[in-house]
Amino acid sequence: MKTKSPFIKIDKISMWYPQKSKNLFMSIREERKWIKAVDQVSIELERGEILGVIGESGCGKSTLGKVLARLENPTNGDVYIDSVSTKELMKKDTKKFRRMVQIVFQNPFDTFTPRDTIEQILLRPLKIHGIGKTNAERREICIKALESGGLRPADEIMKRYPHELSGGQLQRISILRSMLFEPKFIIADEPVSMLDVSVRSEIINMLLTLSKEKNATVIFISHDIALTRYVSDKIAVMYLGKVVEYGDSDTIINNPKHPYTQALISNCSSIDPDEQREIIKIQGEPPTPVNPGPGCYFASRCFKASKECFQKYPAATEVSEGHIVACDRWY
């Protein structure tokens, strides 16, 4: 019996950058070294699911997001949407891919051209993609979108420039603009980390509501574990370019198996004020991403590491249904 293919299949995606040498003569003689920002990431998601991606700064979260949105072409691997290769889709029909996959960036102030009004910012992509027959029709689409996102009076908002709006308003517009294309796949890269705490919940709830209405699959990139738990159906934990643990959100939060995940969660504030939690301190800094290995990348900082951990990178193990851990000492 043939099993159903996942809606989103991230298949062994890698993003390696060549390390630049300061000495041209030495760079010719030396063997090329690679910065492995993302290394062999494979994840499967169903339509409408939300995957949270967490990890320390520099672990490769944002690079993964850019590669999935094809803002950068991966060194290896591919992403499939409903069994269609995004690599092939980009070659055949770039516009179709851009409508299918949207990305929301961290800093709303860097998202828009400061010289354009919100009306110009919203109308231009609709015209490029042939949405709406006339400018008047496109303008009506934009006004309805702004009003649905709580941006009123929409007619006045349309006349303003980005610098005349708050960060929260701009991020709402960024999300609403991405939804105008009815995308199938949305990458939200730290979408509220630059915003005041007072507006974060409103932005997150708007993103969740719109993605549910459009039945879009979302990858939510964040360093905020508590927020990721609230937002996500599943969580992937990244360390130095690799996914070290993956599973349902509640499973990852309540029963983490990888020592790195255990340390991250032990340092995360709990919603239960009476919960007693032993904090696990991670010693030292992450190793260089330049040709890491051959052992587990976390071994030098791990409180469970053995001699074998430094000799080979652990294979991914399914410790329970849908719960995958890349660690030989997860038990």
Side-chain angles (χ1 to χ4, degrees), residues 7-8 47 62-74 78-82 84-151 153-165 167 169-191 203 206-207 209-211 213-219 221:
F7 183 66
I8 301 290
R47 181 145 201 177
S62 292
T63 302
L64 176 63
K66 290 176 183 176
V67 169
L68 296 180
R70 288 280 171 182
L71 299 181
E72 295 191 55
N73 291 318
D78 201 353
V79 180
Y80 298 86
I81 302 177
D82 213 5
V84 177
S85 161
T86 58
K87 180 181 179 180
E88 295 304 316
L89 184 59
M90 276 288 285
K91 288 181 180 179
K92 293 178 181 178
D93 194 338
T94 303
K95 283 186 179 180
K96 185 177 180 180
F97 174 81
R98 293 300 175 204
R99 287 188 63 171
M100 189 181 294
V101 181
Q102 287 285 305
I103 184 166
V104 178
F105 292 102
Q106 178 180 11
N107 190 347
F109 294 98
D110 291 340
T111 301
F112 305 126
T113 306
R115 295 184 299 274
D116 291 342
T117 63
I118 299 303
E119 180 171 343
Q120 292 171 313
I121 288 166
L122 293 177
L123 287 182
R124 186 180 296 116
L126 293 184
K127 189 173 183 178
I128 290 171
H129 289 276
I131 299 173
K133 295 178 181 179
T134 64
N135 274 346
E137 187 177 336
R138 294 181 192 109
R139 194 172 188 280
E140 189 61 29
I141 291 170
C142 294
I143 286 175
K144 287 182 179 178
L146 292 177
E147 288 179 345
S148 71
L151 292 162
D155 192 60
E156 287 299 315
I157 295 288
M158 293 273 278
K159 298 175 184 177
R160 296 184 185 178
Y161 290 88
H163 72 271
E164 297 177 305
L165 300 174
Q169 288 174 315
L170 288 177
Q171 197 65 301
R172 282 174 186 262
I173 293 170
S174 180
I175 293 169
L176 289 166
R177 182 179 64 168
S178 70
M179 291 297 180
L180 291 175
F181 304 103
E182 298 192 351
K184 295 181 178 180
F185 188 26
I186 301 168
I187 298 105
D189 185 7
E190 301 266 16
I203 302 296
M206 188 182 79
L207 175 63
T209 300
L210 290 172
S211 62
E213 288 176 357
K214 305 299 183 183
N215 200 23
T217 301
V218 178
I219 288 191
I221 298 169

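One is the number of the first residue; the rest follow in order along the sequence.
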>> Using the rule given for side chain to side chain contact (heavy atoms under 4.5 Å, CB included), can you reason through Ile8 versus Ile81, listing the C-alpha separation, both sets of side-chain angles and the distance that settles it, and then say yes or no?
In response: CA-CA 5 Å; Ile8 301 290; Ile81 302 177; 3.7 Å; yes
> Which atoms form the tightest heavy-atom contact between Thr217 and Arg47, and what is the distance?
Replying inline: OG1-CA, 3.3 Å
>> side chain to side chain contact (heavy atoms under 4.5 Å, CB included), that's the test. Do Ile173 and Phe112 meet it? Break it down for me.
In response: CA-CA 10 Å; Ile173 293 170; Phe112 305 126; 3.9 Å; yes
>> For Leu207 versus Ala188, what's the shortest heavy-atom pair and its separation?
In response: CD2-CB, 4.1 Å
> Which salt bridge (Lys or Arg N to Asp or Glu O under 4.0 Å) pairs, counting each pair once, include a residue from residues 94-110, with sequence neighbours left out?
Replying inline: none
> Are Leu165 and Ile157 side-chain neighbours, meaning at least one heavy-atom pair lies under 4.5 Å?
Replying inline: yes
> With distance as the sole test, does Arg138 use its side chain to make a donor-acceptor pair with the main-chain N or O of Gly132 at under 3.5 Å?
Replying inline: yes
> Closest heavy-atom contact between Arg177 and Pro125?
Replying inline: CD-CG, 4.3 Å
>> Could you check whether any side-chain heavy atom of Met179 comes within less than 4.5 Å of a side-chain heavy atom of Ser211, counting everything from C-beta outward?
In response: yes
>> Quick check for you: to the nearest 0.5 Å, what is the distance between Gln169 atom CD and Ile203 atom CD1?
In response: 9.0 Å
>> Quick check for you: to the nearest 0.5 Å, what is the distance between Ile175 atom CD1 and Leu170 atom CG?
In response: 11.5 Å
> About how many Å separate CZ of Phe181 and CG of Leu126, when rounded to the nearest 0.5 Å?
Replying inline: 5.5 Å
>> For a quick test of reading the model, state the closest non-hydrogen atom pair linking Ala154 to Leu146 and the distance between them.
In response: CB-CB, 3.8 Å
>> Before you tell me yes or no, could you show the steps for Leu89 and Met100 under side chain to side chain contact (heavy atoms under 4.5 Å, CB included), namely the whole-Å CA-CA distance, both residues' side-chain angles and the distance that decides it to 0.1 Å?
In response: CA-CA 10 Å; Leu89 184 59; Met100 189 181 294; 3.8 Å; yes
> How would you list all residue pairs meeting salt bridge (Lys or Arg N to Asp or Glu O under 4.0 Å) that involve residues 116-131, not counting sequence neighbours?
Replying inline: Asp116-Arg124, Glu119-Arg139
>> Which heavy atom of Pro183 sits nearest to which heavy atom of Ser178, and what is that distance?
In response: CD-O, 3.3 Å
> Are Leu180 and His129 close enough that some pair of their side-chain heavy atoms sits under 4.5 Å apart?
Replying inline: no
>> Rounded at 0.5 Å granularity, tell me how far SG in Cys142 sits from CG in Leu176.
In response: 10.0 Å
>> When you measure from the side chain of Ser85 to the backbone of Lys87, do you find a donor-acceptor pair of N or O atoms at a distance under 3.5 Å?
In response: yes
> Looking at side-chain heavy atoms only, is the closest gap between Glu140 and Glu137 below 4.5 Å?
Replying inline: no
>> Quick check: do Glu213 and Leu210 have side-chain heavy atoms less than 4.5 Å from each other?
In response: yes
> Between Glu147 and Lys144, is the closest basic N to carboxylate O distance under 4.0 Å?
Replying inline: no
> Got a second to check how far Lys91's NZ is from Phe97's CZ, nearest 0.5 Å?
Replying inline: 13.5 Å
> Just how far is it from atom OG1 of Thr117 to atom CD of Glu164, taken to the nearest 0.5 Å?
Replying inline: 10.0 Å
>> Could you report the tightest heavy-atom contact between Gly65 and Ile103, atom names first, then the distance?
In response: O-CD1, 4.1 Å
>> Using modelled atom types and a 3.5 Å cut-off, is there a donor and acceptor pairing between side-chain atoms of Ser174 and backbone atoms of Gln171?
In response: no
> Quick one: are Leu68 and Leu64 in side-chain contact, heavy atoms under 4.5 Å?
Replying inline: yes
